[in-house]
Amino acid sequence: MRIATWNVNSVKQRVPRLLPWLDQRAPDVVCLQELKLTEDVFGELLGSELEARGYEWAALGEKSWNGVAILSRVGLTDVTPGLEGGPGFPHQEARALAATCGGVRVHSLYVPNGRVPDSDHYAYKLEWLARLREVVAAGPADAVVCGDMNIAPADADVFDPAAYVGHTHVTAPERDALNALLACGLRDVVRDRWPDERVFTYWDYRAGMFHKDCGMRIDLILASEPVAKRVEAAWVDRQARKGTGPSDHAPVIVDLDTAPDGDIGPMVPPPSARPSRGRTKLPQAKIVDRG
DNA sequence: ATGCCTTAAATCTTAAGA
C-alpha cells in the first residue's frame with residue numbers, strides 16, 4: 001500500500017501536475033493540503049477524474065485558504081472532518097481530516113504556520129498541536145499522521161539553521177510539541193530511512209531556492225509502530241517540484257507491505273465493476289471559539 | 001531590499017506563505 005502526502009498550494013492551479021502524478025506514482029492513499037477552495041468546488045474540479053482512477057475521496061475546504069483532502073482506492077470510512085475539540089482562529093479552520101483507509105487511520109494535516117514566535121498565531125499553532133497529540137493518542141494503534149507540519153524536526157531539516165534562529169518552524173516549543181506527538185509512539189519514517197541525508201520537502205519559489213537545494217523538511221509522514229514496521233520505502237518525490245507550474249512543496253511517499261494477516265482493508269472493486277457513487281458528504285467543520 | 005515567487009481576491013494593490 002502506497003501512502004503519499006502533498007501540499008499542493010492551490011489544487012485548482014495544480015490540476016495539470018496532480019493528475020499526471022497520480023497516474024505515474026499510483027498512490028493508494030493521498031493526503032492533500034492547501035486546497036484553497038471549498039469541498040464543493042473540489043468535487044466539481046476533480047470528482048470525475050478521481051472516480052475514473054478508482055479513488056474515493058473526502059475533503060474539508062474553505063474559500064481561498066487552507067483545505068485538506070484524502071483520496072483512497074483501498075477504502076475510505078469513518079471520515080472525521082476537522083480537529084475534534086481543536087482551537088480556532090477564532091473559528092476552526094480547514095486544517096485536519098481523518099479517515100480509515102486500508103485498515104490504517106490516516107490523518108491529513110495542515111498545521112497552522114505560526115508566523116512569528118510569541119504572536120497570537122504562534123500560540124494558536126502550539127494549542128493546535130497539543131490537541132492533535134491528544135486526538136492521535138486516543139486513536140487506533142495503526143495510524144499515519146501525514147501532512148504539512150510547519151515544523152522542521154531538527155537543524156538538519158533546514159538548509160541554513162543559523163538563518164532560522166528565532167523564526168517559526170524551528171523554535172524549541174514547536175519542536176517540543178512535535179516530539180510530544182512522536183512520543184505517542186510515532187516514527188518519522190523518512191528520517192528513519194535517510195538518517196544522514198539532506199532531505200527537504202519545501203523550497204521557496206524565490207531566488208532559485210529549489211535549484212540550489214535550499215529548502216526545509218516540514219512535510220512529514222509519522223507512522224505508529226505497527227505501521228512503521230511495514231515500511232518498505234520512504235522518500236521525497238523531488239520530480240514533482242521540477243518543471244512547469246509546481247507546488248512549492250514536494251510529495252512525500254511511503255510504501256507499506258501488506259499486513260501480517262494480509263488484511264489491507266475492505267476489497268474495493270475497480271470503478272467499472274461498481275455503481276457510480278458520489279463524493280462522501282461531510283458535515284461542516286464544528287466551529288469552536290478559542291475562549 | 002523585511003525583498004527575490006506564487007497564490008487569492010479584490011482591484012489596479014494587499015495579504016499570506018515559511
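Below, chain A is the first sequence line, B the second, and so on; all start at residue 1. Scope of the values below: all heavy atoms of this structure, side chains included, with no hydrogens, waters or symmetry mates.
In this structure the side chain of A/Leu129 never reaches within 4.5 angstrom of the side chain of A/Leu178, judged on heavy atoms. Annotation: side chain of A/Val144 is not in contact with side chain of A/Ser224 (no heavy-atom distance under 4.5 Å). Considering only heavy atoms from C-beta on, A/Lys12 stays 4.5 Å or farther from A/Lys36 through its side chain. Annotation: side chain of A/Phe159 is in contact with side chain of A/Arg198 (closest heavy-atom distance under 4.5 Å).
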For DNA chain B, the dot-bracket pattern of Watson-Crick and G-U pairs whose distances stay under 3.5 Å, | for other-strand partners: ....(((((...))))).

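Rounded to whole Å, the separation between the C1' atoms of B/dA9 and B/dG3 comes to 22 Å. Nucleotides B/dA1 and B/dC12, compared at atom P, are 27 Å apart to the nearest Å. To the nearest whole angstrom, the two P atoms, one in B/dT11 and one in B/dT6, are 25 Å apart. Using atom C1' as the reference point in both B/dA18 and B/dT7, the two lie 14 Å apart (nearest Å). B/dA10 and B/dC5 have their P atoms separated by 25 Å, given to the nearest Å.
At the heavy-atom level, A/Asp204 lies nowhere under 4.0 Å from the strands shown. Note on A/Asn66: nothing from the nucleic acid sits closer than 4.0 angstrom, heavy atoms only. At a threshold of 4.0 angstrom between heavy atoms, the contacts of A/Met216 are confined to the sugar-phosphate backbone, with no base atom among them. If you check every strand for non-hydrogen atoms under 4.0 Å, A/Tyr164 touches nothing. Note on A/Phe159: nothing from the nucleic acid sits closer than 4.0 angstrom, heavy atoms only. Contacts of A/His121 with the nucleic acid, taken as non-hydrogen atoms under 4.0 Å apart, are absent.
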What pairs of nitrogen or oxygen atoms, one from the protein and one from nucleotides 2-4 of chain B, lie under 3.5 Å apart?
none

Taking N or O atoms only and anything under 3.5 Å, show me the protein contacts with nucleotides 6-12 of chain B, one pair per line.
residue: B/dT7; atom: O3'; partner: A/Ser10; partner atom: OG; Å: 3.3
residue: B/dA8; atom: OP1; partner: A/Ser10; partner atom: OG; Å: 2.5
residue: B/dA8; atom: OP2; partner: A/Gln13; partner atom: NE2; Å: 3.1
residue: B/dA8; atom: O3'; partner: A/Ser64; partner atom: OG; Å: 3.1
residue: B/dA9; atom: OP1; partner: A/Ser64; partner atom: OG; Å: 2.3

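At B/dG17, one or more side-chain N or O atoms of A/Arg115 fall inside 4.0 Å of OP1 or OP2 (strictly under the cut-off).
As a whole-Å value, the separation of A/His249 NE2 from B/dA16 C1' is 12 Å. The separation between A/Phe210 atom CZ and B/dG17 atom C1' is 19 Å, rounded to whole Å. Straight-line distance from the CD atom of A/Glu62 to the P atom of B/dA16: 13 Å, rounded to whole Å. Atom CG in A/Asn113 sits roughly 5 Å away from atom P in B/dA18 (whole-Å rounding). One atom, CZ of A/Arg95, and another, C1' of B/dG17, lie 11 Å apart when rounded to the nearest Å. The interatomic distance linking A/Glu174 (CD) with B/dA18 (C1') rounds to 10 Å, in whole Å. In this structure, A/His169 places its NE2 atom 12 Å from C1' of B/dA16, rounding to the nearest Å.
Judged purely by atom type and a 3.5 angstrom limit, A/Ser72 has no side-chain atom pairing as donor or acceptor with the backbone of A/Glu56. Judged by distance alone, with hydrogens and angles left aside, the side-chain atoms of A/Arg133 form no donor-acceptor pair with the main-chain N or O of A/Leu182 at under 3.5 Å. Formation of a donor-acceptor pair under 3.5 Å by the A/Trp6 side chain with backbone atoms of A/His249 is found in this model. Checked by atom type and distance alone, the side chain of A/Glu62 pairs as donor or acceptor with a backbone atom of A/Ala94 at under 3.5 Å.
Judged purely by distance below 3.5 Å, without hydrogens or angles, the side chains of A/Asp237 and A/Trp21 pair a donor atom with an acceptor atom.
Between A/Arg2 and A/Asp28, none of the side-chain N atoms (NZ, or NE/NH1/NH2) sits under 4.0 Å from a carboxylate O, so this pair counts as no salt bridge.
Applying the side chain to side chain contact (heavy atoms under 4.5 Å, CB included) criterion to A/Ala69, with sequence neighbours excluded, gives A/Leu32, A/Leu35, A/Phe42, A/Ala59.
Pairs of residues two or more places apart, or lying in two chains, never qualify as ring pair (Phe, Tyr, Trp, His ring centres under 6.0 Å) while including a residue from residues 167-196 of chain A. Here salt bridge (charged side-chain N to carboxylate O under 4.0 Å, His left out) pairs that include residues 102-115 of chain A, with residues two or more places apart or in two chains, number zero.
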